[in-house]
Amino acid sequence: MATLEFFPIDVDYITTLAGRALIRIFGRTVDGKKVCIYDDTFEPYFYVFPRKQTDIRPLIEKLTTLKIKDTPHISFVTKVDIVKKHIIGEEREILKVFVNHPSDVSVLKKEITFFKEATGVAESDIQFYKRYLIDKHITPLVSCTVEGEEMEDTVNCDIILKARNIQQTNDALIKNPKILAFDIEVSSTLGTPNPKEDPIVMVAFYGNEGYSKVITWKSFSQPKKHVEFVSDEAELIIRFKDTITEYKPDYIVGYFSDGFDFPYLRDRAEKYKIKLALGLDGKPIKFSKRTDINTTRIKGIAHIDIYKFIVRAMRDTLDVESFDLDTVATKLLGEGKADIPITELHHAWESNDQEKIRAYCDYNLQDAKITYRLTNLMLPQLNEFVKVVGLPIDEVSRMSFGQLIENYLMRRVQEFNEIIPNKPDYAEKKRRATESYEGGYVYEPQPGTYNDIIVFDFKSLFPTIISAHNICVSTITLNQVDSIPSPDILVNRKLTRYYFSHAKEGFMPVIIKDILTRRNRIKEIMKKDEKKDPVLDARQYSLKILANSFYGYLGFSAARWYNNACAASITAYARQYIKNVITKVKENGFNVIYGDTDSVFFSLGNKTKKDALLFLQEINRELPSLMELEFENYYPRGIFVMKKGDEKGAKKKYALIDEQGKIKVTGFESIRGDWSVIAKEVQKKVFEIILKDNDIPGALTYTQQIIKQVYAKEIPLEKMIIKKRLKKDISDYENIGPHVEVAKRLQQRGEKVTIGTKIAYIINEGKGIVRERARLLDETESYDSEYYVKNQILPAVAKIFEVLGYDEKSLIMQEQSSLSDFSKK
DNA sequence: TGGTTCCACAT
DNA sequence: CAGTTTGGAACCA
């Protein structure tokens, strides 16, 4: 008998020779050993609802004799218990049905739906390992104590234990997990690397304590210590495998490795008949291709595609044009990729340019290194999600917020003895998708520029409403006694109110309060801390987005706890609160400019910032607990573009400048990526002149000046380049865009153009439609001024000038001599 | 207006 | 406990 403390990393189950399920937990012990725990004490089960009380006995009889033969396997029930459970708040006697094997659950469930004594089944769609983690209260990465016997097995672990008893005894998180980041480089001619032709030429690893390794199959003189030469690509792949096996990482990390590195390695390994048997159980890597989304999983090791997580977690907060590795790393780490164009790797490799190959090895290692560093940076957030949701890190890293919330709820509702609702079927999802309700309130601004702007916003508005008004699927009621109605809600063109019982706190408010107080605790610690601990910050931030996702979850058609009425009530309260604030802002002599869902923008007029802050305190005194209106910022100037009277879908479009001179632009996102440099430049500069210098005529003159230069061909050609990527094979395009047309010509020239090739073109002067005039930089004689003014520059700035009273004509008119002559709208 | 289509990112 | 699982913008009649 041995006792052991360890941190679970990966959990699954296997089937024994006797046909029983055996839970398997891979992890790392406190002293750094790889461990595998087997647990055969857990039995699969689900619930069955009897139609009526008198059906219980015959139903149990029927269940216990139920056998379904699907040779060679027989599915059968092993035991039936009568249990009391809550179904959305209401207690009922139902049957807990234990079965022989996890796969029996779905087999038997299908049969039981035809039983006249039963009205349905529940919790039959929860994977066995999830069920295990939930029921045993085990959270991956958090310390577990296990008692059991050591045993022999083929898994590649230092210790193998058959568990007798396993439990989470404290909340210590895994310290210094072994992380191994990797990256491959491919020698490809042009466009997307093609795994059928283009070989992997190098692979780099970066791990804890500066562990570095680059493997490549062309040698050069005086290589760095970490460089390993092999004879060919096949050996490179074998050494790739060995390196991982020897390093024994807990996490393997790549940047877009689900989508590129691993699938590529798979294809190349296949060519040489090499098995990528990286799993600790000796099994190969598992690839799953779900329509568009690839995932690569390794048994016993958590594979994290940190790109996926960064995009999911930071899409709204990280202000970048693209989530490519260089941009993200530069922004988050202050360190980007090595400065050498990857497009030239092919040439260097083919021509045996030793110096360049050496440089590409450094480049390769740098990619692995920044991937490693990004992982470390994101780890506190990932850990927080793992701790809250209770699932393995590789899974959590790929989950949407809806899934995170759902899995969190599935775990937490156990405390309330709640049954987990079934996932909706396709028809139900469709039906739900048609249900809509009113969203947040928008106070539409008068377009124009404003000075001395104050912004207040509600701190976590939706979560605090859920908590303050006890909004929950379990408290919503038809019984108007002891319950409080929501504000009026428009349902099918009729004003309605939903009622929420306040007799007992619902489980959703309780759970959300937990998240919010947990977050507040972290923020309290942070306040005392002089140098804001980034780990704590990441943790409080992840709790914030988790809390904020709750509302969206209630309105998400595929959610188990979908509830349109709850979602509609939350926004109804939100509208009430923000309208109330807006009214008070006006009453207090400020000028309201704009408001959206949880925020209000107003100008001070002849009042002061201090007045505004005192007023804020006043408002907060009246708000229920946890709800709070916050001072967001003060902006000396701002410009609002959206129009009053526009349809309700009017997009928020505004730009603000803060006291530090930093310009915050919202809603002008169309000007990015595939626009020409000149268009982006003009828009940026126009904002600067208007907001920094408060010089509208100046901005106008500047724009006219640029347009004049465009017509005079004074703009360097480089600034006119438009870049678009080929997404399918040239022949597959039905609509031939300019970039496709150029790609065709490139191909005729004998250049290799494949899916993924980025085409950079310039629209030239001449006859014909736009695509006929698209040329490469070196083919360009003279760009089409008209096109660039009308399709690039004007769209970028016209909206801005429009609100200032100038139409497009005034921007292009060259003859006008003084500003006063410009046509005012 | 709503229903398609495209696209991220990797070399 | 399985194979219908993205999400947002641009485009298009």
Side-chain angles (χ1 to χ4, degrees), chain A residues 13 21 44-46 75 99 101-110 121-132 183-195 197-202 254-265 288-295 305-308 310-312 315-316 321-328 337 341-346 349 360 363-364 367 371 398-403 406 420 422-427 429-430 556-558 647 649 651 669-670 672-674 724-728 732-735 737 754-758:
Chain A
Y13 81 93
Y45 67 88
F46 61 103
S75 303
V99 297
H101 188 268
S103 64
D104 296 351
V105 173
S106 80
V107 175
L108 296 174
K109 160 191 106 175
K110 278 181 201 129
V121 298
E123 306 202 3
S124 66
D125 54 3
I126 297 162
Q127 287 150 294
F128 191 55
Y129 82 92
K130 262 191 206 177
R131 176 93 272 171
Y132 179 84
D183 177 52
I184 63 169
E185 304 299 334
V186 171
S187 171
S188 85
T189 40
L190 195 66
T192 298
N194 178 357
E197 293 167 16
D198 308 329
I200 299 170
V201 294
M202 46 187 77
Y255 201 84
F256 200 55
S257 44
D258 265 346
F260 182 74
D261 302 68
F262 270 128
Y264 208 98
L265 274 158
S288 64
K289 197 171 188 169
R290 315 186 296 192
T291 49
D292 207 40
I293 298 153
N294 298 317
T295 56
D305 181 345
I306 201 67
Y307 157 74
K308 245 180 208 173
I310 289 175
V311 170
R312 289 223 152 98
R315 172 154 280 165
D316 300 331
E321 271 189 11
S322 151
F323 276 86
D324 61 89
L325 179 58
D326 189 45
T327 312
V328 170
K337 282 167 91 97
I342 191 64
T343 43
E344 282 157 34
L345 166 63
H346 177 71
W349 186 261
Y360 279 111
Y363 169 96
N364 193 195
D367 277 6
T371 301
R398 289 174 177 80
M399 280 180 166
S400 65
F401 288 117
Q403 290 172 304
E406 182 147 291
I420 299 168
N422 293 327
K423 279 188 198 159
D425 60 20
Y426 186 68
K429 269 192 264 185
K430 270 271 164 96
F556 166 47
S557 61
E647 273 310 296
K651 292 244 173 75
E669 65 282 337
S670 60
R672 57 205 293 180
D674 53 3
K724 279 211 167 83
R725 206 181 284 268
L726 280 181
K727 210 44 203 188
K728 35 187 182 181
D732 292 343
Y733 274 94
E734 283 173 25
N735 301 329
T754 54
I755 300 169
T757 309
K758 213 171 194 176

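Quick caveat: nothing in here was measured; it's all calculated off a predicted structure. Only this structure's heavy atoms are used, side chains among them; waters, hydrogens and symmetry mates stay out. In the text below, chain A, chain B and the rest are named by the order of the sequence lines, each starting its count at 1.
Under the salt bridge (Lys or Arg N to Asp or Glu O under 4.0 Å) criterion, A/Asp258 pairs with A/Lys308, A/Arg398, sequence neighbours left out. Under the salt bridge (Lys or Arg N to Asp or Glu O under 4.0 Å) criterion, A/Glu185 pairs with no residue, sequence neighbours left out. Taking A/Asp125 as the reference, A/Arg560 meet the salt bridge (Lys or Arg N to Asp or Glu O under 4.0 Å) condition, with sequence neighbours excluded. Applying the salt bridge (Lys or Arg N to Asp or Glu O under 4.0 Å) rule to A/Asp367 yields the partners A/Lys337; only residues at least two apart in sequence or on another chain are considered. Residues that satisfy the side chain to side chain contact (heavy atoms under 4.5 Å, CB included) test with A/Asp261, not counting sequence neighbours, are A/Phe182, A/Asp183, A/Ile184, A/Ser257.
Look at CG on A/Asp326: it is 14 Å from C1' on B/dT11, rounded to the nearest Å. Rounding to whole angstrom units, CZ of residue A/Phe401 and P of C/dG8 are separated by 12 Å. Look at CZ on A/Arg312: it is 12 Å from P on C/dG8, rounded to the nearest Å. As a whole-Å value, the separation of A/Leu325 CG from B/dT11 P is 7 Å. The OH atom of A/Tyr255 sits 6 Å away from the P atom of B/dA10 (whole-angstrom rounding). For the pair A/Asp261 CG and B/dT11 P, the computed distance is 7 Å after rounding to whole Å. In this structure, CZ of A/Phe323 is placed 13 Å from P of C/dA9, rounded to the nearest angstrom. Distance CD1 (A/Ile184) to P (B/dC9): 18 Å, rounded to an integer number of Å.
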Taking N or O atoms only and anything under 3.5 Å, show me the protein contacts with nucleotides 1-3 of chain C, one pair per line.
residue	atom	partner	partner atom	Å
C/dC1	OP1	A/Tyr13	OH	3.2
C/dC1	N1	A/Ile126	O	3.4
C/dC1	O2	A/Ser124	O	2.3
C/dC1	O2	A/Asp125	N	3.4
C/dC1	O2	A/Ile126	N	3.2
C/dC1	O2	A/Ile126	O	3.0
C/dC1	N3	A/Ile126	O	2.8

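Counting non-hydrogen atoms under 4.0 angstrom, A/Asp183 reaches the backbone sugars and phosphates but no base. Among the protein residues, A/Asp425 comes within range of no part of the nucleic acid, since none of its heavy atoms lies under 4.0 Å from any strand. Across all strands shown, A/Tyr264 has no heavy atoms under 4.0 Å from either base or sugar-phosphate atoms.
Residue A/Lys337 places at least one side-chain N or O closer than 4.0 Å to OP1 or OP2 of B/dT11.
In this structure, the ring of A/Tyr13 has its center less than 6.0 angstrom from the ring center of A/Phe128. Ring-centre distance between A/Phe260 and A/Tyr264: below the 6.0 Å cut-off.
Comparing C/dT6 with B/dC9, their C1' atoms sit 15 Å apart, to the nearest whole Å.
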